[in-house]
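Per chain, numbering begins at 1; letters A, B, ... match sequence-line order.
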There are 2 protein chains.
Amino acid sequence: MSALSDSASPLYEKVKDFVLANIGSGKWVQNARLPSENDLVNSLGVSRMTVHRALRELTSEGHLRRVQGVGTFVAPPKAQSTLIEVSNIINEIRDRGGKHRAGVILLERIEHPAPAIVRAFEFDRVKPVDHSLVVHFENDIPVQLEERYVNPALVPHYLDQDFTSIATLEYLQRCTPLTEVEHLISALPAGPEQARLLQMPERDSCLVLHRKTWTGATVATVNTFTHVGSRYSLGSRYRPTHKPA
Amino acid sequence: MSALSDSASPLYEKVKDFVLANIGSGKWVQNARLPSENDLVNSLGVSRMTVHRALRELTSEGHLRRVQGVGTFVAPPKAQSTLIEVSNIINEIRDRGGKHRAGVILLERIEHPAPAIVRAFEFDRVKPVDHSLVVHFENDIPVQLEERYVNPALVPHYLDQDFTSIATLEYLQRCTPLTEVEHLISALPAGPEQARLLQMPERDSCLVLHRKTWTGATVATVNTFTHVGSRYSLGSRYRPTHKPA
DNA sequence: TGACATAGCATGTATATACATGTTTCATTC
DNA sequence: GAATGAAACATGTATATACATGCTATGTCA
């Protein structure tokens with residue numbers, strides 16, 4: 001009678017599955033109103049706190065929309081703006097198997113007053129901005145060009161780091177764990193300098209990942225140029241909802 | 001004494017902020033062990049259920065790692081594989097202001113036995129696969145080429161839809177709300193056909209978003225070719241953690 | 001010394017209760 | 001009829017309590 005599955009999963013998970021099953025089957029369509037918490041308490045035979053937890057988690061996962069005093073509704077599908085998980089290319093190279101070798105070369109490293117591009121990213125009031133150009137290799141073939149602008153005032157001992165170490169990005173993340181991130185993805189034909197550094201034809205396509213992190217003041221700006229073509233792609237599987245792996 | 005802020009936010013939010021502040025300040029470093037729930041109950045003066053909820057949410061948000069019987073630890077930063085929100089280009093056009101006009105042209109629409117590319121995406125046992133080519137316009141300029149392979153057996157009344165309607169993708173999402181999604185992003189030079197359809201130079205860069213959805217059997221495969229260059233980019237802000245906007 | 005049982009402690013779940021907060025509905029009153 | 005107020009109902013939060021589950025350390029017994 002309970003309408004809940006009899007697996008070994010916890011009760012609130014069964015309630016979540018019950019709700020998702022009703023959404024998936026089309027019984028509860030988009031923007032439809034769900035039974036109230038007390039209704040579900042009566043029909044499912046669990047406590048209100050358990051129902052509430054299930055509905056709250058489904059709300060934070062994007063499946064439901066709740067309005068205090070009004071009710072609970074089926075949320076519109078959230079694939080409109082899609083979450084994509086893009087793997088760090090360093091990890092991609094590292095995970096591709098033991099027979100590949102990853103390498104890094106530091107091309108340029110200047111601590112200089114902010115040029116136009118730096119000023120454009122709100123570094124204005126920061127005097128020294130560390131600018132470095134790094135090329136990543138796999139099996140002696142350059143696969144990625146990284147252009148980093150880092151605000152050393154916000155990253156302790158950043159200037160003491162070994163810039164050819166592969167752990168630099170991880171160091172940035174570890175020192176500023178609560179930063180916000182903005183990404184832009186675009187595709188551009190390689191310019192002369194990029195083509196030279198990546199050893200690729202000059203008008204071949206580059207996938208550009210622009211990554212800006214800040215905590216209030218800007219921490220770092222990183223432009224990543226990857227020669228994709230047939231050799232590389234960035235991707236992920238995205239499981240929209242209920243079973244966070 | 002309570003070490004919690006005195007704002008108007010709920011108690012569990014204050015506990016979360018307290019924990020995040022200790023992580024952000026470096027007091028609790030990566031992999032460090034947090035005080036136990038009972039310790040926090042004593043030092044913060046709230047109930048264990050409240051502490052538990054705060055820690056549970058921080059865990060699901062990726063900030064903490066909890067092991068039953070052992071303790072709670074600061075999770076390594078999750079920016080390793082970065083979440084990126086890529087906006088649907090249809091929404092981008094629609095949201096760009098009233099003076100722009102969006103349009104769609106259906107170029108081809110064949111229901112045919114699966115060719116090689118279709119077979120490669122596990123359509124094998126499905127006989128009829130709907131294949132359509134759609135070009136999206138903004139102000140009479142083509143900006144996106146969409147190549148769709150849809151399994152009509154899994155999408156009710158799909159073949160009855162008006163394919164020049166902008167709502168087709170939304171219809172797909174509404175009919176199969178609990179699908180999983182896989183994305184691949186790459187940058188490719190435009191081939192002859194793509195260049196012709198998008199009215200762009202033949203070797204200019206295309207940003208290609210490959211999107212495959214399935215529920216078990218494959219539902220649809222959509223390849224999106226966007227002429228980016230200086231005109232378009234896909235991007236998002238990603239707030240890693242605590243204040244889901 | 002080694003194996004095993006156990007106590008202790010950590011997190012995980014479920015419930016009952018109480019109150020807070022926001023919305024809708026409906027009846028009373030002017 | 002319109003405005004006001006109260007009741008009913010919805011979700012939101014906080015707490016106490018109880019028990020379940022999993023790991024660790026300790027101490028006893030062979």
**Study point:** DNA chain C: 5'-proximal contact among A/S47 and A/V67 (nearest heavy atom)
**Key:** A/S47
Review point. Taking only N and O in the side chain of A/T50, is any of them less than 4.0 Å away from OP1 or OP2 of C/dT15?
Key: yes
Point to revise | Beyond-backbone contact of A/L64 with A/I23, side-chain heavy atoms, under 4.5 angstrom | key: yes
Exercise for review: Compare the minimum distances between each of D/dA10, D/dA16, C/dT11 and the side chain of A/R33, then state the nucleotide with the smallest one.
Suggested key: D/dA10
Point to revise | Interatomic distance where CG belongs to B/L11 and P belongs to D/dA16 [whole Å] | key: 12 Å
Review point. Is the shortest side-chain N to carboxylate O distance from B/E37 to B/R56 below 4.0 Å?
Key: no
Check your understanding: Taking atom C1' of C/dT15 as reference, at what distance in whole Å does atom CG of A/N38 sit?
Key -> 14 Å
Review point. Taking only N and O in the side chain of A/R53, is any of them less than 4.0 Å away from OP1 or OP2 of C/dT13?
Key: yes
**Study point:** Distance, rounded to the nearest Å, where B/L40 contributes CG and D/dT15 contributes P
**Key:** 14 Å
Check your understanding: Between C/dA10 atom P and B/F73 atom CZ, what is the distance in whole Å?
Key -> 11 Å
Point to revise | N/O donor-acceptor pair under 3.5 Å between A/R148 side chain and A/V134 backbone | key: no
Check your understanding: Within a strict 4.5 Å, meaning less than it, do heavy atoms of the B/V51 and B/V46 side chains meet?
Key -> yes
**Study point:** Nearest-angstrom distance from the residue atom CG of A/L44 to P of C/dA14
**Key:** 13 Å
Review point. Do B/L44 and B/V15 come within less than 4.5 Å of each other through their side chains, counting heavy atoms only?
Key: yes
Practice item. Send over the distance from B/L64 CG to C/dG12 P, rounded to a whole Å. Key: 11 Å
**Study point:** Sugar-phosphate, base or nothing in reach of A/R65, heavy atoms under 4.0 Å
**Key:** nothing
Practice item. In whole angstrom, give the distance that lies between atom NE2 of A/H52 and atom C1' of C/dT17. Key: 15 Å
Review point. Which of the following nucleotides, C/dG12, D/dT13, C/dA10, is nearest to the side chain of B/R66?
Key: C/dG12
Review point. Closest heavy-atom contact between B/A54 and B/Y12?
Key: CB-O, 3.6 Å
Practice item. Taking only the side-chain nitrogens and oxygens of A/Y12, find out if one of them lies under 4.0 Å from OP1 or OP2 of C/dA14. Key: no
Exercise for review: Please determine if a side-chain N or O atom of A/T72 lies less than 4.0 Å away from the OP1 or OP2 oxygen of D/dT11.
Suggested key: yes
Practice item. Starting from the 5' end of DNA chain D, give me the residue, A/R56 or A/G71, whose nearest nucleotide shows up first. Key: A/G71
Got a list of protein N/O to nucleotides 18-21 of chain D N/O distances below 3.5 Å?
{"from": "D/dT21", "atom 1": "O2", "to": "B/Q68", "atom 2": "OE1", "distance (Å)": "2.8"}

Practice item. Please assess B/L34 against B/L55 for the test side-chain contact (heavy atoms from CB on, under 4.5 Å), listing each intermediate value before the final yes or no. Key: CA-CA 10 Å; B/L34 270 66; B/L55 297 182; 4.3 Å; yes
Point to revise | Nearest-Å distance for atom pair CG/C1', residues B/N42 and D/dA16 | key: 15 Å
